Amino acid sequence: MIRQDLNRIDSKRRTGLDHRKKQFATPTYQNLDYQHRLNFYVTPPTADITLEQFEQWAIDRLRVLAEIEACSFRNKTIAETAAHMKPLLDKYLPLGSSTSGSTTLQAERQKDHYSHFILRLAFASTEDLRRRFSRVESTLFRIRFQADNLKERQQFVEGLNLDWETVSDDERREYSEELRAAGGGYPLRIEEENYFKVDWERVPELVENRRVFLKAGKAYVPGREQLSMVVAEFTSRLDKALEMTSRALPRLDEDDRLTPILTHLSQNFTTPDAHYSSSATSLPGADISARNVDTLSSSFPLCMQNLHRSLRRDAHLKHFGRLQYTLFLKGIGLNLEECLIFWRSSFSKITDDVFNKEYRYNVRHTYGDVGGDSNRRGGGYSPFSCQKILTEHPPGPGEAHGCPYRHFSVDNLTSLLQAVGVKDNEVLRGVKEDKEKMKYHLACNRVFDYVHKQEIKKVKDDGTWTANQLETLVHPNEYFKRSYLLKNMGKNPTEEEKPDVQMEG
Ligand code: SF4
């Protein structure tokens, strides 16, 4: 699949390639002919591409998938997601219809096909990555399916050989009442709808919701439900394929050209919005200093309030807590000098000597003041996004980092919320339900809306903030900035003041 890139592989290593690597080195297959715009990605690609194409195509698809995931965190509907994704898809992963007459159709489809399989390799390694990959790929497929030309879509579905049996006109008339009853009285005239017969296990959702007529083990599925059937089939095949890929992965470890690229790709997907631009976080006129952190903490999200309270209680935080909190403080605009003063005064039970030996270096490293070249050039690490806090390094005993909505028990979470002033029973009940549904960021946004109820109403009534500026929060620093602006100024943030959370490219 990959043409050997002579710039990257020296001659000694080339001669040393074993037989498994030679399969990559000697292309024996031709490009596929892509008849359809849509793809179920059943056949792995076998023609040769360069390592540069391998990497670039995967990065382009990753941009698309990470943005789809961000839309889902923001609770956008599928129609909103499709509208939001259109320019990105046109730019990074365009797919013209067969009738468009475009000369780049085959190249577009090849890129789509290869990039899917490359990311499949990158994201097959853990269950969490597989689940997320399958979910965003299914959404991408759904968006494309809905946007496809009707005739081409039908040809694509027929080409899948999904063993759906078309219900004959006679049979449709015979069961017209039952079919209409299952459709809630729709269609008014039975001739207006096509039906397919499939084994009922294939459409559990439709059966569970009583949206189909069942007879002799077959579900009679109306044509309008075709989309959910095709997407369900896409997801179930992809899930199985990902399982198989994960079992084959250890063999890939031997290919030292691919492994670093794949590892890098999966790490980027693990933190899709990790790059937080701290230069865009300044709050003009705000007193962001060590002595003012206690006051500012009333605008912190619960994860950071919990760290702050633990620090004040114990005069200490463990490693990941310090890292999460230092990066957050850096993100709100606390400079290195003030941050060192903050930690030194907070660790009140230890001597200067111990602080300088054990903690000072780490804070400076986090700010990019010391460390390797790339850390220094990049200004240190970026503040953690909710995604990262929610999914990486769950806290152990005695640790205060993580997200309380996810990592606390319901009782402890309720006590913490009450301690920070959230006492409304309806809000607490809503948070509990969000937590049960694993919608942690929604719980956090629910609390934000409650705590800033009056300010949000005011900026909405004044028309000073648009709906976009109040959209779902997905980053602790975004939470702080919005809270601070609402509480202290109640004004519309300028472009520079708006929190800037971007995907790493
Ligand atoms: Fe913090 Fe995000 Fe959890 Fe809110 S959802 S508490 S901002 S990690």
Side-chain angles (χ1 to χ4, degrees), residues 66 69-76 128 132 270-276 278 281 293 296-311 317 320-332 381-395 399-422 427-428 430-452 456 470-487 498-503:
E69 189 169 67
C71 287
S72 116
F73 283 138
R74 293 200 147 94
N75 236 16
K76 286 188 191 291
D128 183 52
R132 289 171 55 205
T270 308
T271 54
D273 51 0
H275 180 77
Y276 187 86
S278 50
T281 60
V293 174
L296 294 171
S297 70
S298 67
S299 277
F300 289 179
L302 201 59
C303 50
M304 303 304 167
Q305 291 210 34
N306 181 46
L307 283 166
H308 192 73
R309 293 167 71 87
S310 303
L311 178 62
L317 280 180
F320 279 117
R322 289 199 307 275
L323 183 61
Q324 180 175 318
Y325 200 29
T326 303
L327 287 169
F328 171 78
L329 293 173
K330 177 184 166 195
I332 71 170
Y381 298 102
S382 300
F384 291 163
S385 64
C386 296
Q387 170 67 23
K388 196 171 172 80
I389 295 172
L390 282 161
T391 55
E392 293 178 20
H393 302 297
E399 291 184 309
H401 67 278
C403 171
Y405 296 106
R406 171 161 198 173
H407 298 119
F408 275 29
S409 66
V410 172
D411 288 349
N412 288 348
L413 176 60
T414 307
S415 308
L416 177 61
L417 283 168
Q418 286 169 335
V420 299
V422 181
V427 175
L428 293 172
V431 166
K432 184 168 173 258
E433 282 167 18
D434 293 334
K435 181 172 167 59
E436 279 161 7
K437 290 183 200 150
M438 297 194 283
K439 303 262 184 192
Y440 310 110
H441 59 291
L442 287 190
C444 185
N445 279 271
R446 183 189 294 279
V447 169
F448 183 93
D449 289 348
Y450 168 73
V451 174
H452 303 87
I456 291 174
L470 290 166
E471 74 176 2
T472 314
L473 293 157
V474 292
H475 199 294
N477 287 78
E478 233 180 5
Y479 186 111
F480 167 74
K481 181 151 195 173
R482 193 180 296 174
S483 168
Y484 185 89
L485 288 171
L486 283 171
K487 282 190 192 166
K498 274 173 65 181
D500 172 24
V501 183
Q502 307 155 354
M503 192 193 83

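Fair warning: this is a prediction, and the values are worked out from it, not measured in the lab. Ligands are counted one by one from 1 in listed order, and the atoms in each one are counted from 1 as well.
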If waters are left out, how many protein N/O/S atoms lie within less than 2.8 Å of atom 3 (Fe) of ligand 1?
1
Kindly say whether H441 contributes a backbone atom to a donor-acceptor pair with the side chain of N445 at under 3.5 angstrom?
yes
Do C303 and F328 come close enough that some side-chain heavy atom pair is under 4.5 Å?
no
Tell me if a side-chain donor or acceptor on H407 pairs with a main-chain N or O of C403 at a distance below 3.5 Å.
yes
Parallel, tilted or perpendicular for F320 and H401, by the 30°/60° rule?
tilted
Closer than 3.5 angstrom, by distance alone: can the side chain of K435 be matched with the main-chain N or O of F408 as a donor-acceptor pair?
yes
Stepwise, does the side-chain contact (heavy atoms from CB on, under 4.5 Å) test hold for L296 with I332?
CA-CA 10 Å; L296 294 171; I332 71 170; 4.2 Å; yes
